[in-house]
Trainee: 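Provided herewith is a single structure, encoded as structure tokens, for subsequent inquiry.
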2 protein chains.
Amino acid sequence: MKPTIKDVAKAANVSIATVSRILNNLPGYSEETKTKVMNVIEEMGYQPNAIARGLINKRTQTIGVLFPDVSSMFSSKLLNGIEYTANRLNHSVIVCNTDSNGKRIMKYLQVLREKQVDGIIFVSGALQEEPYRALMAMQIPVVLVATLPHPYDLPYIKVDDSKAAYSATTFLIEKGHRHIGMIAGTKDDMIAGRPRVEGYMQALTDYDIPVREPYIVYGDFGYRSGLSGMEQLWEQAPNITAVFAASDEMAVGALLAAHKHGVHVPDELSVIGYDNTQIAEMAIPPLTTVSQPLHEMGKEAAQMLLTMMEDPSRAKNLIMPYTVVERETVKDIT
Amino acid sequence: MKPTIKDVAKAANVSIATVSRILNNLPGYSEETKTKVMNVIEEMGYQPNAIARGLINKRTQTIGVLFPDVSSMFSSKLLNGIEYTANRLNHSVIVCNTDSNGKRIMKYLQVLREKQVDGIIFVSGALQEEPYRALMAMQIPVVLVATLPHPYDLPYIKVDDSKAAYSATTFLIEKGHRHIGMIAGTKDDMIAGRPRVEGYMQALTDYDIPVREPYIVYGDFGYRSGLSGMEQLWEQAPNITAVFAASDEMAVGALLAAHKHGVHVPDELSVIGYDNTQIAEMAIPPLTTVSQPLHEMGKEAAQMLLTMMEDPSRAKNLIMPYTVVERETVKDIT
DNA sequence: ACTGCTAACGAAAACGTTTACGTTGAGTTT
DNA sequence: AAACTCAACGTAAACGTTTTCGTTAGCAGT
């Protein structure tokens with residue numbers, strides 16, 4: 001059996017209270033007994049039991065993170081950032097893959113509650129009422145990442161999707177494009193769907209370019225839907241000279257569609273993506289895209305969560321900066 | 001304060017033992033009291049405290065997973081599989097990003113030990129002596145994924161890298177290629193490095209093709225090293241007609257190098273990758289590659305770990321099947 | 001010599017469960 | 001009617017910590 005604090009105390013001829021004091025370096029013991037105890041600990045290979053500690057402290061030094069899809073590049077970058085600061089500040093992270101499935105979300109929330117996590121990060125995806133109530137019942141800090149609390153009030157960290165889409169479209173316009181299509185995300189997605197097409201439309205109207213229905217097609221952010229979206233776009237609007245895709249994956253799908261149809265990017269078609277995931281860099285040709293600082297957002301989310309544990313009033317929203325990173329898929333045709 | 005089992009017991013006029021029995025459905029109560037207690041639980045919104053439970057059960061229903069880089073596509077696919085079955089079997093997973101850094105690995109192992117995790121999955125990366133000892137001291141199941149225990153004896157799950165590389169090379173040979181270069185991984189990586197070049201060399205010799213030094217260059221599995229590796233290859237061996245890259249990322253790097261130099265894939269150069277990550281599908285043109293069933297491997301790893309918890313003697317090694325998935329980057333030149 | 005103070009500890013309660021064991025009462029057997 | 005059985009509970013110990021209160025001894029101050 002692994003040695004407990006009791007074993008250490010016995011072996012060192014002190015009380016468990018003293019051992020505890022030494023471990024948490026509280027005052028109340030002589031230098032002499034400290035070294036004696038430390039030696040015993042070393043010899044026995046004692047390590048404290050965080051479970052017992054958590055039971056009494058009511059702190060588990062653990063946070064839970066809910067993702068719709070852990071294996072997406074988007075999520076994994078975020079996770080990386082979250083894990084980084086969580087670890088730096090002595091917390092572990094439990095990952096949950098919700099599949100955006102309400103039932104699973106509720107199950108995970110129950111598990112996290114039972115496991116007494118100290119906080120929860122909820123990534124991307126609208127927050128329904130039921131999970132919201134569950135979250136509230138847990139009475140622990142929550143922060144949303146890349147999504148909005150919508151009817152509720154919870155701290156969130158995201159970029160301004162509408163503005164970012166506006167910038168992406170403007171980027172295209174300023175390169176001389178006038179016939180600009182859009183491969184949008186899920187149509188009724190109030191977070192990453194609508195705002196991006198709104199930004200796109202706003203940019204067009206601000207530059208006195210009419211926005212046309214057939215110039216917009218809807219996908220699901222995935223690669224395949226980018227491919228089919230592009231083909232649909234050509235049917236509906238054959239004269240487009242540039243396209244803004246609401247995700248890198250869809251942009252790469254568009255790239256492939258172009259490749260298949262023998263249209264050269266960027267000479268015959270300019271493409272701009274959204275996310276700046278790893279594939280953007282690795283696409284052929286390298287994809288111009290708007291960059292969300294995912295790693296940073298993860299770090300900030302964890303940081304925010306942990307400071308909220310100390311002082312809940314320090315919760316606040318963070319609008320993160322985006323940038324459009326220019327690579328090789330949009331051509332200046334002015 | 002959140003209600004405890006004690007509150008429930010009091011409100012229902014029974015002892016905590018009875019409540020506990022009902023919750024864990026053990027025998028020893030009437031149907032009548034059960035419904036009474038269940039009603040109280042419902043009303044109070046009681047949820048058991050897994051920490052207290054873990055303290056006495058010595059089971060936390062939690063496993064730890066160590067990755068060199070959580071955000072790589074390789075890791076995130078695995079994580080997805082691991083999380084899937086872990087969750088299915090009522091376990092949570094704590095992720096750890098080691099950066100392949102010995103110090104961090106040891107720190108994580110200590111944390112996982114203190115948190116009393118029920119098992120550990122160690123992903124990809126050689127297992128040094130110090131972590132091995134720490135793992136042994138924890139006395140819990142461990143399984144390795146995509147790596148070998150080497151001097152030690154631990155259950156592992158991986159594909160046969162050498163054979164897979166052999167097949168990839170053979171695939172090229174049977175398409176008529178004779179001048180085949182290789183962009184290998186880290187030179188002294190005994191897991192994903194050497195075995196793959198050995199498979200490559202074996203295939204060549206089996207087909208009476210001489211293996212030449214300058215036909216092999218070394219990278220670090222990353223995208224950039226694929227790009228530079230390809231250029232180096234052209235310098236050293238301008239007449240190669242095909243190249244086998246030890247990772248998809250490097251293969252895509254090679255693709256970009258080809259694109260930059262105006263050499264057409266697959267007409268002028270055939271490329272085959274390794275991993276079948278998402279980028280393989282999304283590359284332009286879509287990349288022919290050897291597929292490791294990462295998601296399956298994750299699932300199997302979790303499954304194995306959990307069965308080992310019940311019966312440690314059921315540990316065994318799993319060699320997973322690979323397949324070469326043919327897409328559009330290799331040309332038949334027979 | 002007595003009081004008062006402090007450093008250095010120890011005893012024990014508490015955290016929220018599970019579980020071994022004991023108790024009760026009604027029903028069954030002899 | 002006494003003895004026995006069994007279902008339906010309750011009591012209390014245990015898990016490994018932290019933390020609140022003591023308690024003790026030494027020493028300064030008067």
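Just so you know, these numbers come straight off a predicted model, no measurement behind them. All chains are named by letter (A, B, ...) in the order of the sequence lines, taking the proteins before the strands, and each is independently numbered beginning at 1. Both backbone and side-chain heavy atoms feed into the values below; hydrogens, waters and symmetry mates do not.
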Trainee: Quick one: does Leu127(B)'s side chain get under 4.5 Å of Thr147(B)'s, heavy atoms only?
Mentor: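 In short, these two side chains do not touch, never coming nearer than 4.5 Å.
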Trainee: Under 4.0 Å from OP1 or OP2 of dC9(C): is there any side-chain N or O of Ser30(A) that close?
Mentor: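 It does, given that an N or O in the side chain of Ser30(A) lies less than 4.0 Å from OP1 or OP2 of dC9(C).
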Trainee: Salt bridge between Arg133(B) and Glu129(B), side-chain N to carboxylate O under 4.0 Å?
Mentor: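 So Arg133(B) pairs with Glu129(B) through a salt bridge.
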Trainee: Nearest whole angstrom, please: distance from the C1' of dT19(D) to the CD1 of Ile22(A).
Mentor: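 Computing the Ile22(A):CD1 to dT19(D):C1' distance gives 16 Å.
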Trainee: Which residues pass the side chain to side chain contact (heavy atoms under 4.5 Å, CB included) test with Asn13(B), not counting sequence neighbours?
Mentor: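 Partners of Asn13(B) under the side chain to side chain contact (heavy atoms under 4.5 Å, CB included) test: none.
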Trainee: Under the side chain to side chain contact (heavy atoms under 4.5 Å, CB included) rule, what do Asp311(A) and Thr307(A) come out as? Steps first, then yes or no, please.
Mentor: CA-CA 6 Å; Asp311(A) 180 1; Thr307(A) 77; over 6 Å; no
Trainee: May I ask you to say whether Glu310(A) pairs ionically with Arg59(A), meaning some side-chain N is under 4.0 Å from a carboxylate O?
Mentor: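 So Glu310(A) pairs with Arg59(A) through a salt bridge.
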Trainee: Looking at Tyr84(B), I want to see if its OH is surrounded by more than 12 non-hydrogen atoms of other residues, nucleotides or ligands under 6.0 Å.
Mentor: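 No.
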Trainee: Is any side-chain heavy atom of Asn97(B) closer than 4.5 Å to one of Asp69(B)?
Mentor: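 Result yes, sub-4.5 Å side-chain heavy-atom pair found.
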Trainee: In the structure I gave you, are the side-chain heavy atoms of Val145(A) and Ser124(A) within less than 4.5 Å of one another anywhere?
Mentor: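 No - every pair of side-chain heavy atoms lies 4.5 Å or more apart.
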Trainee: Rounding to 10°, can you tell me the angle the first-five-pair axis of the helix from dA1(C)-dT30(D) to dT30(C)-dA1(D) makes with its last-five-pair axis?
Mentor: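 Result, rounded to 10 degrees: 60°.
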Trainee: In the 5'-to-3' direction, what one-character label does each nucleotide of nucleotides 10-20 of chain C receive under the scheme B = base within less than 4.0 Å of a protein heavy atom, S = sugar-phosphate only, - = no such atom?
Mentor: BB--BBBBBB-
